[in-house]
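Just so you know, these numbers use all the heavy atoms, side chains as well, and skip hydrogens, waters and symmetry mates. Ligands are counted one by one from 1 in listed order, and the atoms in each one are counted from 1 as well. As the structure is a computational prediction, the values presented were derived from the model and not from experiment.
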Amino acid sequence: MSSSHQSLCEVAEPLDPEALEARLRDIGEQRYHHRHPFQLALQNGELNRTQVRAWALNRYYYQAMIPIKDATLMARLDDPDWRREWRTRLVDHDGEAPGEGGIERWLKLTDGLGLARDMVRSNRAILPATRFAVEAYVHFVRDRSLLEAIASSLTELFSPKVIGTRVSGMLAHYDFVSEETLAYFRPRLDQAPRDAEMALDYVRRHALRADQQQAVLAALEFKCDVLWTLLDALQHAYVEGHRPPGAWDGESGLVSGVTP
Ligand SMILES: O=C(O)c1cc(C(=O)O)c2c(n1)C(=O)C(=O)c1cc(C(=O)O)[nH]c1-2
């Protein structure tokens with residue numbers, strides 16, 4: 001472990017809630033994916049259509065697994081008030097009826113990019129690192145303390161800003177996306193702050209001892225690493241050209257008539 005790693009997470013004496021929140025925000029500033037080269041290339045219009053398609057295809061797996069992660073977390077909440085609050089996340093992603101919700105809106109993006117739904121939904125063409133990182137998140141939420149599980153969602157404190165930059169950058173630079181195909185992100189600008197507020201309130205009230213606070217900070221670092229790994233994998237395979245066997249080849253699984 002490097003010394004910079006230790007300094008972000010180490011808590012010698014219990015912090016007051018404001019100081020704990022400041023430490024969490026510091027981790028976000030330093031380790032969230034808004035700094036990743038793939039995110040910067042995406043928002044600056046430096047990617048080609050195949051690379052944007054690869055991003056949307058792989059990110060679908062994250063979208064599809066988030067409700068499974070949240071159902072796993074909900075199953076551990078023994079307070080009905082908390083379950084009621086947490087379940088809004090399931091509804092956001094799954095919708096109240098077929099054709100609604102975040103997963104469906106993500107498919108509007110992959111449709112708009114010309115990716116065939118059966119390939120996207122099968123998850124068969126995603127990168128191995130996408131699969132491993134997303135599964136690691138679900139397993140973390142299942143296996144760690146409830147406090148760590150809730151804290152791992154705190155990256156959402158930082159998502160509205162990166163989403164805003166990403167959406168405006170993509171609309172400005174790519175003629176193959178539109179407000180309509182990027183519609184997934186609009187509701188997230190309200191949902192993410194609401195969800196992050198809820199999780200932050202829990203963490204501020206329940207992480208009181210130094211060891212609990214250290215665990216909470218480490219949980220946020222872990223989650224930043226999950227998101228970073230997803231973009232690392234895309235960078236390696238589709239920017240630097242080291243595509244693993246079995247991963248999407250940039251040409252198959254396109255709707256007929258669409259240009260690769
Ligand atoms: O577009 C993004 O940069 C971004 C980031 C994150 C995040 O920070 O975890 C989420 C999302 N989007 C998102 O759309 C989403 O539904 C979501 C759920 C969660 C979570 O940990 O429960 N994070 C995120």
Query - Sub-4.0 Å heavy-atom contact, F185 with ligand 1 - result: yes
Requested in this report: Quick one: look at T155 and ligand 1, take heavy-atom pairs under 4.0 Å, and tell me if it's side chain, backbone, both or neither.
Outcome: both
Report summary line: If you scan protein heavy atoms around atom 20 (C) of ligand 1, the nearest is Y137 OH, 3.4 Å
Query raised in the report: Taking only heavy atoms of I163, which atoms of ligand 1 are found under 4.0 Å from at least one of them?
Result: 1 (O), 2 (C)
**Report entry** Salt-bridge contact K108-E180 (side-chain N to carboxylate O under 4.0 Å)
**Finding:** no
Report task. Using the side chain to side chain contact (heavy atoms under 4.5 Å, CB included) rule, take Q191 and R89 through it: C-alpha gap first, then chi angles, then the decisive distance, then the call. Result -> CA-CA 8 Å; Q191 292 163 356; R89 297 173 187 240; over 6 Å; no
Requested in this report: May I ask whether R59 places a heavy atom under 4.0 Å from ligand 1?
Outcome: yes
**Report entry** Whether over 12 other heavy atoms sit under 6.0 Å from E240 CD
**Finding:** yes
**Report entry** Pair Y137, K69: side-chain N/O donor-acceptor within cut-off below 3.5 Å
**Finding:** yes
Query raised in the report: Do Q63 and R59 get their side chains close enough for a donor-acceptor pair, meaning under 3.5 Å?
Result: yes
Query raised in the report: Should you measure from each heavy atom of K223, which atoms of ligand 1 turn up under 4.0 Å away?
Result: 9 (O), 20 (C), 21 (O), 23 (N)
Query raised in the report: Taking a hydrophobic cluster as the set of Ile, Leu, Val, Met, Phe, Trp and Tyr residues connected by side-chain heavy atoms closer than 4.5 Å, whether directly or through intermediates, do F140 and L157 fall within one such cluster?
Result: yes
Query raised in the report: So, for Y32 and W228, is the gap between ring centers shorter than 6.0 Å?
Result: no
Report task. Decide whether an N or O pair under 3.5 Å exists between H33 and ligand 1. Result -> yes
**Report entry** Contacting atoms of ligand 1, where contact means under 4.0 angstrom from a heavy atom of R188
**Finding:** 13 (C), 14 (O), 15 (C), 16 (O), 17 (C)
Query raised in the report: What are the atoms of ligand 1, with element, lying closer than 4.0 Å to any heavy atom of H93?
Result: 16 (O)
Report task. Considering the heavy atoms of Y184, write down every atom of ligand 1 situated less than 4.0 Å from one of them. Result -> 13 (C), 14 (O), 15 (C), 16 (O)
Requested in this report: Pull out every atom of ligand 1 sitting under 4.0 Å from any heavy atom of L227, numbered as shown with elements.
Outcome: 7 (C), 8 (O), 9 (O)
Query raised in the report: So, are D201 and R205 salt-bridged, with charged N and O less than 4.0 Å apart?
Result: yes
Requested in this report: Assess R49 against Y174: is NZ or CZ under 6.0 Å from the centre of the six-membered ring, and within 45 degrees of the ring's axis?
Outcome: no
Requested in this report: Verify the cluster assignment for V203 and L77: are they in a single hydrophobic cluster under the rule of side-chain heavy atoms below 4.5 Å apart?
Outcome: yes
Query raised in the report: Is there a chain of hydrophobic side chains (I, L, V, M, F, W, Y, each step under 4.5 Å between heavy atoms) that links F132 to Y61?
Result: no
Report task. Examine ligand 1 and decide if any of its atoms is less than 4.0 Å from a heavy atom belonging to Q191. Result -> no
**Report entry** Interfacing atoms of ligand 1 (cut-off 4.0 Å, heavy-atom, V162)
**Finding:** 3 (O)
Query raised in the report: Considering only heavy atoms of Y32, which atoms of ligand 1 have at least one such atom less than 4.0 Å away?
Result: 3 (O), 5 (C), 6 (C), 7 (C), 8 (O)
Query - Short N or O distance, D70 and ligand 1, threshold 3.5 Å exclusive - result: no
Query raised in the report: Does some non-hydrogen atom of K69 fall short of 4.0 Å from ligand 1?
Result: yes
Report summary line: Of all protein heavy atoms, the one nearest atom 23 (N) of ligand 1 is Y62 OH, 3.2 Å
Requested in this report: Under 4.0 Å, heavy atoms only, figure out whether ligand 1 is touched by the backbone of W106, its side chain, both or neither.
Outcome: neither
